[in-house]
Amino acid sequence: MTGALFEITFMAAAPFWLLMIFAPRWRPTARVASSPLTVLPVLTLWAVMAVPVFPELWAAVSDPDIDTFRELTALANGAGAVWAQIIAWDLLLGQWMFLESRRLGVSPLVTGPLLVLTILLSPIGLVVLLVIRGVRKSPSRPAPSA
């Protein structure tokens, strides 16, 4: 059952990613991306997988060390709960990136692939957006006087 829940976890987030990537200019997409409630289905799956391993999960997060975390992720529900948490936070990050890209006037042709990168490797996607954001926000300097 945990394997099925693991698979369903990304599918619960996928519709929101699809909207942001393939329908970025559709008015409801911005409304959906503005809501933190999009992660509730994923967090529900997190809870279903986390409850059976909650003592191990608590041990891994309350006094973190690599061995305790390794023990947690060796359990099917532990790995599933960690995966669901990653999917939930990645979705929230992707929503912020989508909205920030719109605010900055970044083309959907740039934002779409950036969101795909974020789905796969969110730290890299975030760094790329932060670079774009820095370039877009940097104040223009006046031309030097002759």
Side-chain angles (χ1 to χ4, degrees), residues 1-140:
M1 176 155 150
T2 303
L5 293 175
F6 183 92
E7 297 295 327
I8 293 168
T9 299
F10 182 74
M11 290 188 291
F16 306 113
W17 286 107
L18 291 171
L19 275 176
M20 293 185 293
I21 294 166
F22 294 110
R25 296 188 196 274
W26 189 43
R27 183 174 299 227
T29 301
R31 199 168 352 127
V32 168
S34 297
S35 174
L37 300 179
T38 56
V39 297
L40 287 181
V42 177
L43 293 179
T44 300
L45 292 163
W46 173 87
V48 169
M49 290 184 276
V51 166
V53 293
F54 195 77
E56 294 87 351
L57 178 62
W58 182 253
V61 298
S62 64
D63 188 19
D65 70 71
I66 191 71
D67 292 326
T68 306
F69 190 76
R70 206 174 299 162
E71 290 168 12
L72 170 66
T73 57
L75 304 170
N77 278 337
V82 169
W83 177 248
Q85 183 171 328
I86 291 168
I87 296 298
W89 300 137
D90 280 358
L91 179 56
L92 285 174
L93 176 63
Q95 288 174 228
W96 175 80
M97 291 172 64
F98 171 81
L99 295 169
E100 187 67 1
S101 292
R102 284 177 54 111
R103 186 184 71 75
L104 294 170
V106 176
S107 168
L109 296 174
V110 173
T111 303
L114 182 57
L115 290 174
V116 171
L117 178 61
T118 302
I119 292 169
L120 301 172
L121 295 166
S122 59
I124 297 172
L126 176 59
V127 167
V128 171
L129 179 69
L130 292 175
V131 168
I132 291 170
R133 187 175 183 235
V135 169
R136 291 281 175 123
K137 279 185 146 182
S138 63
S140 54

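Remember, predicted model here, so these are calculated numbers, not experimental data.
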Check your understanding: Where is the tightest heavy-atom contact between A88 and L43, given as atom of each residue plus distance?
Key -> CB-CD2, 3.7 Å
Review point. Can any side-chain N or O of T9 pair as donor or acceptor with the backbone N or O of L5 at less than 3.5 Å?
Key: yes
Study note, to complete from the structure: When every non-hydrogen atom of T2 is compared with those of A76, the smallest separation belongs to CG2-O, 3.4 Å
**Study point:** Student check: side-chain heavy atoms of I132 and V110 closer than 4.5 Å
**Key:** yes
Point to revise | Minimum-distance pair of heavy atoms, taken over all atoms of T111 and S101 | key: OG1-CB, 3.3 Å
Review point. Heavy-atom distance under 4.5 Å between the side chains of I21 and V116, does that happen here?
Key: yes
Point to revise | Atom pair CG/CE of L92 and M97 - distance to nearest 0.5 Å | key: 13.0 Å
Exercise for review: Rounded to the nearest 0.5 Å, what's the gap from CE on M1 to CG on N77? Could you check?
Suggested key: 8.5 Å
Practice item. May I ask you to check whether over 12 heavy atoms, not counting those of F10, lie within 6.0 Å of atom CZ? Key: yes
**Study point:** Flag side-chain contact, heavy atom, 4.5 Å: L72 against L57
**Key:** yes
Point to revise | 4.5 Å side-chain heavy-atom contact, W96 and L129 | key: yes
Point to revise | Shortest non-hydrogen contact from G94 toward L115 | key: O-CD2, 3.6 Å
Study note, to complete from the structure: Of L91, V39, T29, V42, the one forming a side-chain contact (heavy atoms from CB on, under 4.5 Å) with F16 is L91
Point to revise | Option among D67, T73, D65 that satisfies the side-chain contact (heavy atoms from CB on, under 4.5 Å) test with F69 | key: T73
Check your understanding: Just how far is it from atom CD of E56 to atom CZ of F54, taken to the nearest 0.5 Å?
Key -> 10.5 Å
Point to revise | Nearest-0.5 Å distance that lies between atom CD1 in I66 and atom OG1 in T68 | key: 9.5 Å
Check your understanding: So, do R133 and R103 sit near enough that their side-chain heavy atoms are less than 4.5 Å apart?
Key -> yes
Review point. Would you find more than 12 non-hydrogen atoms of other residues, nucleotides or ligands less than 6.0 Å from W17 atom CH2?
Key: yes
Check your understanding: Would you say the side-chain atoms of Q95 pair up with the backbone N or O of S35, donor to acceptor, closer than 3.5 Å?
Key -> yes
Practice item. Kindly give the heavy-atom pair with the smallest separation between P108 and P113, and that separation in Å. Key: O-CD, 4.1 Å
**Study point:** Close side-chain approach of V82 to M49, heavy-atom, < 4.5 Å
**Key:** no
Check your understanding: Judged by atom type as modelled, is there a donor-acceptor pair below 3.5 Å linking the side chain of R102 to the main-chain atoms of P24?
Key -> yes
Check your understanding: Of all heavy-atom pairs between L93 and L126, which one has the smallest distance, and what is that distance?
Key -> CD1-CD1, 3.8 Å
